[in-house]
Amino acid sequence: MSPPVPVSVGVLASGGGSNLQALLDAEADPDWPARIAVVVSNRADAGALERARRHGRAAVLLPRRKDQPREVHDQALVQALRAHGVQWVCLAGYMLLVTPVLLQAFPDRVLNIHPALLPAFPGLHGQAQALHHGVRVAGATVHLVDGGCDTGPIVCQGAVPVLPGDDEAALSARILRVEHRLYPMALRWAAEGRLRVEGRRVQVDLPAGEATSLWDPAP
Ligand code: GAR
């Protein structure tokens with residue numbers, strides 16, 4: 001029997017793309033159920049575009065025109081994703097808010113990774129917000145995107161300690177490490193059809209030995 005065709009994924013990224021890299025690296029597993037077909041960025045200088053090209057994936061630059069409504073931008077985005085047969089969308093450090101135009105094109109099929117333990121610290125600079133509040137545990141969340149800012153149903157979370165002397169850079173690096181474990185795990189479940197949205201919760205049909213939370217105590 002031939003292996004199942006991997007689910008086609010579009011990644012949206014505005015920055016360096018280390019999460020994109022973690023998703024690309026995961027494809028080295030011959031049984032991996034997802035393949036990134038296209039990477040779209042709003043920034044010409046995004047390292048993510050370069051990573052996509054290096055891996056032979058389509059890299060699309062779609063700058064946000066300030067004179068256009070966000071919906072018009074997202075129509076072009078949907079067109080680019082559809083042109084590459086995309087079935088699931090991963091926001092990986094994508095710094096633009098998405099509109100219902102994208103969400104209706106991919107209902108319950110848009111994932112985001114956020115550098116905080118939601119629902120605490122949504123929006124920008126989740127790591128700095130965590131430090132400011134003096135929390136002792138921080139982390140990252142993968143969630144399905146809904147119409148709000150970082151409000152969608154949670155798929156999985158990874159926690160890390162906040163250590164004395166941490167600044168934003170140190171805490172961000174620690175969180176990023178757990179992000180790189182978390183996002184491939186969530187995408188694999190999505191691609192294998194293991195996610196079921198029930199109201200504001202996601203039920204995960206977990207493979208044996210896996211969990212929807214991670215703890216990375218490493219400094
Ligand atoms: C990650 O920490 C991600 O969680 C965050 O941006 C960083 C991107 O890093 N995303 C957000 O803040 C979205 N609101 P990367 O470009 O190296 O993947």
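Indexing begins at 1, ligand by ligand and atom by atom, following the structure's order.
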- Share the residues that join W215 in a hydrophobic cluster, the rule being Ile, Leu, Val, Met, Phe, Trp or Tyr side chains under 4.5 Å apart at the heavy-atom level. L117, V137
- Is the count of non-hydrogen atoms from other residues, nucleotides or ligands lying under 6.0 Å from R177 atom CZ greater than 12? yes
- Item | Option among L176, I175, L171, V178 that satisfies the side chain to side chain contact (heavy atoms under 4.5 Å, CB included) test with P115 | I175
Distances for all N or O pairs of ligand 1 and the protein under 3.5 Å?
unit_1: ligand 1; atom_1: 2 (O); unit_2: E179; atom_2: OE1; d: 3.3
unit_1: ligand 1; atom_1: 2 (O); unit_2: E179; atom_2: OE2; d: 2.8
unit_1: ligand 1; atom_1: 4 (O); unit_2: E179; atom_2: OE1; d: 2.8
unit_1: ligand 1; atom_1: 4 (O); unit_2: E179; atom_2: OE2; d: 3.2
unit_1: ligand 1; atom_1: 16 (O); unit_2: G16; atom_2: N; d: 3.4
unit_1: ligand 1; atom_1: 16 (O); unit_2: G17; atom_2: N; d: 2.8
unit_1: ligand 1; atom_1: 17 (O); unit_2: S18; atom_2: N; d: 2.9
unit_1: ligand 1; atom_1: 17 (O); unit_2: S18; atom_2: OG; d: 2.6
unit_1: ligand 1; atom_1: 18 (O); unit_2: S18; atom_2: N; d: 3.3
unit_1: ligand 1; atom_1: 18 (O); unit_2: N19; atom_2: N; d: 2.9
unit_1: ligand 1; atom_1: 18 (O); unit_2: N19; atom_2: ND2; d: 3.0

- Message: I want to know whether F121 and H133 have ring centres closer than 6.0 Å.
- Response: yes
- Query: Any chance the side chains of S18 and H180 put a donor and an acceptor closer than 3.5 Å?
  - Reply: yes
- Answer whether the closest heavy-atom distance between the side chains of R174 and P161 falls below 4.5 Å. yes
